[in-house]
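Reckoned from all heavy atoms, side chains included, excluding hydrogens, waters and symmetry mates. Order of the sequence lines fixes the chain letters, A, B, ..., with proteins taken first and strands second; residue numbering starts at 1 for each chain.
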Amino acid sequence: MIPIMLKILRTGLVTEPAPRPREEWRVRASEIGDEILALLGRALVIREVDAGSCNACELEVNALSNPYYNIDGLGIKLAASPRHADMLLVTGPVAKNMEQALRIAYEQMPAPKLVVAVGDCGRDGGIFGAGYATCGGVSKVLPVDVVVPGCPPPPIAILEGILAAVARRAR
Amino acid sequence: MAIPATPISRPLEGEVPAFLARVTAAQWGEAARNVRERGGRLVAVWGADRREAGAAFSIYAAYALEDGLSILDLGLDGDERYPDLSGLFPCASRMQRAVHDLLGLVPEGAADLRPWLRHDAWGPGDFPLRREFDPEGVRAGVPAAYPFVRVEGDGVHEIPVGPIHAGVIEPGHFRFSVVGEKVLRLEERMGYTHKGIDRRFGDFTVAEGYRLAGRCSGDSTVAYAWAYAQAAESVLGIAAPPRARWLRALMLEAERIANHLNDLGFLGNDAAFGFALAQFSRLREDWLRLCDGLFGHRLMMDRVVPGGVAADIDDEACRRMAAASESIESESRALREIFDEHSGLQDRFITAGRVEPGLARALGLIGLAGRASGQALDLRVDFPVEPYTRVAVAKAVHPGGDVAARVRVRFAELFESLRLVRKFLAGLPAGRIRVELAAPRPGAFGVGWVEGWRGEVFVAIEAGEGGRIRRAHAHDPSWQNWPVVEHAIMGNIVPDFPLINKSFNLSYSGEDC
């Protein structure tokens with residue numbers, strides 16, 4: 001126990017300041033006041049759905065839980081059930097084999113049903129495009145609030161995208 | 001050479017020791033028995049529609065023997081059937097099912113012919129890798145219940161899990177048959193992340209396809225891109241300059257380090273030791289930021305390209321990377337002591353998800369998980385390419401076969417990779433990092449074979465007209481290892497499954513492709 005406590009003490013707090021919401025990524029333009037970050041005083045609950053990604057986006061979403069980004073500290077929780085979620089964070093070009101599961105997850109989610117499409121694949125299918133096995137982006141299947149480009153987008157960009165979608169709820 | 005039963009076998013150009021032989025159906029079966037008897041392994045099975053080239057359908061098998069890869073090409077003139085391999089190599093079963101779903105070729109004598117990649121997005125008579133397949137005209141098939149193997153008896157019930165899992169992980173379906181907490185049987189159902197990559201390769205030139213290859217499994221993007229580059233360079237008849245080869249190896253070890261740091265954190269976390277995840281995910285983030293600063297991408301995507309590499313580093317960057325490897329090593333050594341002395345953690349690790357070496361050998365377990373079950377296979381040692389020929393890589397092998405062994409092998413490989421990084425930085429030769437690409441000859445065939453952090457990644461390319469890819473196939477080691485997870489969980493309790501599964505950490509996307 002002592003080595004663990006010492007390690008924790010020596011590591012200290014490494015969490016960095018949270019970014020501002022990335023307004024230009026918002027699909028639906030709207031006016032957002034400065035007060036939106038205050039909303040993070042409430043927990044935001046996210047259900048992440050891999051809809052056929054190469055798993056690189058999952059690595060970067062998982063990185064959001066490391067002590068540098070510490071999204072739990074910002075009041076953002078990743079939930080197991082879509083019934084507990086305010087937001088779906090969707091990666092991948094939406095493989096046709098995942099389309100039904102993605103739709104069910106969305107249906108199960110309570111309002112406001114925010115959807116953030118993560119990565120170039122989530123945006124438009126990315127390098128996989130639309131084909132016999134892929135839908136060609138999340139917006140082909142669900143209404144999308146915010147798109148975060150990148151292959152994969154770094155954690156800070158994903159967090160900015162999440163905050164941009166949260167800001168929408170502030171209205 | 002390589003396989004006595006095959007009369008004509010020619011060596012392929014390039015970095016990988018490989019031989020290609022055209023065989024008859026009789027030779028196909030005889031070669032498989034021969035490989036099995038000699039202790040060889042099946043690396044990959046794939047098929048091709050070669051009617052465009054004036055040929056027929058081909059089914060390919062790549063075997064690993066002591067002198068390298070032997071690739072058999074069985075041309076199916078007017079026939080769509082070939083002799084089954086799964087009776088000799090259990091891991092062939094799902095590969096053959098995938099070949100059937102995509103190309104309609106039937107393994108004659110195979111016990112399991114259920115669809116694997118085909119769910120209901122395309123019909124049973126549609127074959128996406130056939131020339132006449134029209135993606136625009138494809139109609140969704142009728143959703144059909146997948147016939148899982150049922151376990152029956154007093155008190156037996158099923159637990160269906162997925163495709164969407166509880167955490168931030170890839171999708172797949174697990175069907176547990178349990179009595180109380182004890183797992184009698186697990187059956188996996190995959191294919192949810194199938195993206196049609198094999199067909200998509202046909203939209204790219206040989207020079208461009210590395211980007212797609214690097215997105216088969218994002219956590220192994222360097223391994224895939226390197227294997228693709230080897231295959232492309234074989235097809236093009238070129239070689240990467242020395243500095244590029246060293247930088248490739250540097251990035252491959254950097255990728256191994258990032259993934260092992262990740263897994264060690266999550267393995268602790270899955271045993272309710274959150275401290276481990278906080279610490280290792282911090283070290284991983286430090287490492288990824290370093291890679292971003294040095295190579296311009298956190299995961300080093302698109303940095304290995306046919307003909308060389310797309311990113312160079314200067315002396316200052318070398319010093320930074322060497323210093324970072326030292327500090328991560330000292331921190332990780334301290335964390336390993338904490339792991340080793342934590343009785344609660346060891347209680348979860350030891351004996352959980354055991355795969356005995358004999359079973360591992362019979363089922364063809366490879367890569368990191370294979371080495372943790374006594375299978376001393378590592379391409380960096382067995383078939384080293386420059387710069388691995390200049391450094392003696394220590395194979396990390398443990399006979400335990402349980403979660404504890406897979407944790408031990410990860411620690412050993414983490415430290416070895418950190419040492420290799422420093423070796424490569426110190427010996428990095430000067431010179432250019434990329435050569436010009438020639439135009440490929442239509443019909444040229446080449447392969448790549450790289451020991452990624454999870455296991456061996458294999459890529460085969462056949463060039464078509466105008467520099468395009470006629471057929472490319474990328475193979476993930478998860479094809480071999482996923483079926484073994486079904487055995488690893490037997491007799492364990494359901495709550496240990498996440499821990500056992502994480503200790504293998506296999507790729508869904510790499511297998512579904």
With a 4.5 angstrom heavy-atom cut-off, which part of [X] approaches chain B: side chain, backbone, both or neither?
X	result
A:Cys151	both
A:Ser53	backbone
A:Ala130	neither

Heavy-atom distances under 4.5 Å only: say whether [X] touches chain A with side chain, backbone, both or neither.
X	result
B:Arg215	both
B:Phe204	side chain
B:Phe133	side chain
B:Leu335	side chain
B:Tyr192	both
B:Arg211	both
B:Phe273	side chain
B:Ile169	backbone
B:Glu136	neither
B:Leu212	both
B:Asn262	side chain
B:Leu102	side chain
B:His165	backbone

Check: [X]/[Y] side-chain N/O donor and acceptor closer than 3.5 Å:
X	Y	result
B:Asp286	A:Tyr68	yes
A:Tyr132	B:Asp126	no
A:Asn55	B:Ser217	yes

Between [X] and [Y], does any side-chain N to carboxylate O distance fall below 4.0 Å?
X	Y	answer
B:Arg130	B:Asp49	no
A:Glu107	A:Lys113	no
B:Arg289	B:Asp292	no
A:Arg103	A:Glu99	yes
B:Arg454	B:Asp219	yes
B:Glu255	B:Arg303	no

Pairs of heavy atoms under 4.5 Å with chain B: top-ranked of [options]:
options	value
A:Ile4, A:Ile104, A:Val14	A:Ile4
A:Leu78, A:Val61, A:Asn66	A:Asn66
A:Gly131, A:Cys54, A:Ala133	A:Cys54
A:Ile127, A:Leu89, A:Thr134, A:Val49	A:Ile127
A:Pro93, A:Pro152, A:Ala51	A:Pro152
A:Glu58, A:Glu48, A:Arg47	A:Arg47

Compare every heavy atom of B:Arg298 with every heavy atom of A:Pro154, then report the nearest pair and how far apart it is.
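In this case the closest contact between A:Pro154 and B:Arg298 is CB-CD, 4.1 Å.
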Crowded around A:Leu13 CG? As in, over 12 foreign heavy atoms under 6.0 Å?
no
Please determine whether side chain to side chain contact (heavy atoms under 4.5 Å, CB included) holds for the pair B:Arg284 and A:Asn62, giving the CA-CA distance in whole Å, both sets of side-chain angles, and the decisive distance to 0.1 Å.
CA-CA 11 Å; B:Arg284 172 185 161 83; A:Asn62 269 321; over 6 Å; no
Would A:Val116 and A:Val148 satisfy side chain to side chain contact (heavy atoms under 4.5 Å, CB included), going step by step from the backbone distance to the final call?
CA-CA 7 Å; A:Val116 175; A:Val148 184; 3.9 Å; yes
Considering only heavy atoms and a distance below 4.5 Å, find which of [options] pairs most often with chain A.
options	value
B:Ala278, B:Gly265, B:Ala334	B:Ala278
B:Ile164, B:Leu288, B:Leu299, B:Ile197	B:Ile164
B:Arg200, B:Lys195, B:His119	B:Lys195
B:Gly162, B:Cys513, B:Ser281	B:Ser281

Positive for side chain to side chain contact (heavy atoms under 4.5 Å, CB included) with A:Leu88, one of A:Leu102, A:Val138, A:Leu114, A:Val144:
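Checked A:Leu102, A:Val138, A:Leu114, A:Val144 against A:Leu88; only one passes side chain to side chain contact (heavy atoms under 4.5 Å, CB included): A:Leu102.
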So A:Leu159 and A:Leu64, side chain to side chain contact (heavy atoms under 4.5 Å, CB included) or not? Walk me through it.
CA-CA 8 Å; A:Leu159 185 49; A:Leu64 285 174; 3.9 Å; yes
